[in-house]
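What you see is a predicted model; the values in this text were computed from it and never measured. Numbers here are sequence positions counted from 1.
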Amino acid sequence: MQLGQKLKEIRKQLGLSGNQLAKLSGIGQSTISDIENQKISPSIDTLERICDALGISLSEFFADQSELPPDILQLVEAAKKLTPKERQKITELIQTTLEVRPQYISASSPKGELRYKMVEHLSESSDANKKA
């Protein structure tokens, strides 16, 4: 993938307009547009400022993550914005979902039943943790 295409993809994944990225990075919107459209190649300094505005390092920008589906990349980008404690809570939620899902999914279950059982399970786990 070309550098400009990658920049545009990351910017869009983060829900930023070219103008917003320009303001965050201190680089002109026309320069951002020219980079994304392969009209110019940014200097390392310019690219570093753009990456800082995107909340990623240069090495993350150049890392090949093409094997990951877009929805997983979106999760990773969202997780980067969380505190370590928040990331831990999300990890626990995912682990609990994976643990209880097979127990409660059946063809005849109403849609809300799994959600109810998960909340019930999380409440029980939270109560057990408080007692420990």
Side-chain angles (χ1 to χ4, degrees):
M1 178 181 294
Q2 297 284 335
L3 184 140
Q5 290 173 310
K6 186 164 188 165
L7 172 59
K8 190 174 198 173
E9 183 179 298
I10 293 170
R11 176 180 60 77
K12 286 187 172 188
Q13 284 177 353
L14 295 173
L16 295 172
S17 69
N19 193 40
Q20 289 170 317
L21 178 56
K23 287 179 182 176
L24 290 170
S25 65
I27 295 167
Q29 194 276 329
S30 62
T31 301
I32 300 287
S33 177
D34 287 347
I35 294 168
E36 290 182 348
N37 292 308
Q38 303 298 126
K39 292 181 180 177
I40 63 170
S41 293
S43 66
I44 296 295
D45 179 60
T46 298
L47 189 56
E48 192 166 36
R49 289 169 56 194
I50 291 170
C51 286
D52 285 345
L54 294 171
I56 61 174
S57 67
L58 281 172
S59 61
E60 289 172 311
F61 181 84
F62 287 109
D64 183 18
Q65 296 179 334
S66 59
E67 71 278 356
L68 295 176
D71 60 329
I72 299 298
L73 289 174
Q74 192 174 21
L75 283 171
V76 170
E77 291 305 318
K80 288 179 184 178
K81 297 175 186 176
L82 300 173
T83 65
K85 187 174 182 176
E86 290 169 331
R87 285 193 301 268
Q88 179 59 38
K89 291 294 182 186
I90 294 297
T91 301
E92 290 171 9
L93 175 64
I94 292 169
Q95 289 170 340
T96 299
T97 300
L98 294 172
E99 290 170 9
V100 300
R101 182 179 54 186
Q103 299 171 18
Y104 299 109
I105 295 178
S106 72
S108 61
S109 294
K111 287 183 179 180
E113 184 178 336
L114 175 61
R115 185 178 304 124
Y116 173 78
K117 294 292 185 181
M118 284 179 57
V119 170
E120 187 177 73
H121 179 77
L122 287 170
S123 296
E124 290 169 4
S125 297
S126 178
D127 291 344
N129 287 338
K130 287 178 185 174
K131 292 177 184 175

How long is the gap from CZ on Phe61 to CG on Leu7, to the nearest 0.5 Å? 5.5 Å
N/O donor to acceptor pairs below 3.5 angstrom from side-chain atoms of residues 24-31, sequence neighbours left out:
unit_1	atom_1	unit_2	atom_2	d
Ser25	OG	Leu21	O	2.8
Ser25	OG	Ala22	O	3.4
Ser25	OG	Ile27	N	3.3

What residues, two or more places apart in sequence or in another chain, satisfy side-chain contact (heavy atoms from CB on, under 4.5 Å) together with Gln38? Gln2
Check side-chain contact (heavy atoms from CB on, under 4.5 Å) between Asp71 and all other residues, then give those that pass, not counting sequence neighbours. Pro69
Specify the closest pair of heavy atoms between Glu36 and Lys8, including all atoms of both residues, with the distance to one decimal. OE2-CA, 3.5 Å
The single option from Leu93, Thr97, Thr91 that satisfies side-chain contact (heavy atoms from CB on, under 4.5 Å) with Gln95 is Thr91
Could you tell me whether Lys12 and Glu9 make a salt bridge, using a distance below 4.0 angstrom between a side-chain N and a carboxylate O? no
Roughly how far apart are Ile90 CD1 and Leu82 CG, rounded to 0.5 Å? 6.0 Å
Under the side-chain contact (heavy atoms from CB on, under 4.5 Å) test, residues paired with Gln20 that sit two or more places apart: Leu16, Ser17
With sequence neighbours excluded, tell me which residues meet side chain to side chain donor-acceptor pair (under 3.5 Å) with Asn37. Ser33
Supply the atom-to-atom distance Ile94 CD1 to Glu92 CD, rounded to the nearest 0.5 angstrom. 11.0 Å
Do you know the tightest heavy-atom contact between Glu77 and Lys80? OE2-NZ, 3.2 Å
Those residues at least two apart in sequence (or on a different chain) that pass side-chain contact (heavy atoms from CB on, under 4.5 Å) with Thr83 are Lys85, Glu86
Give, for atom CG of Leu58 and atom CG of Asp52, the distance between the pair rounded to the nearest 0.5 Å. 8.0 Å
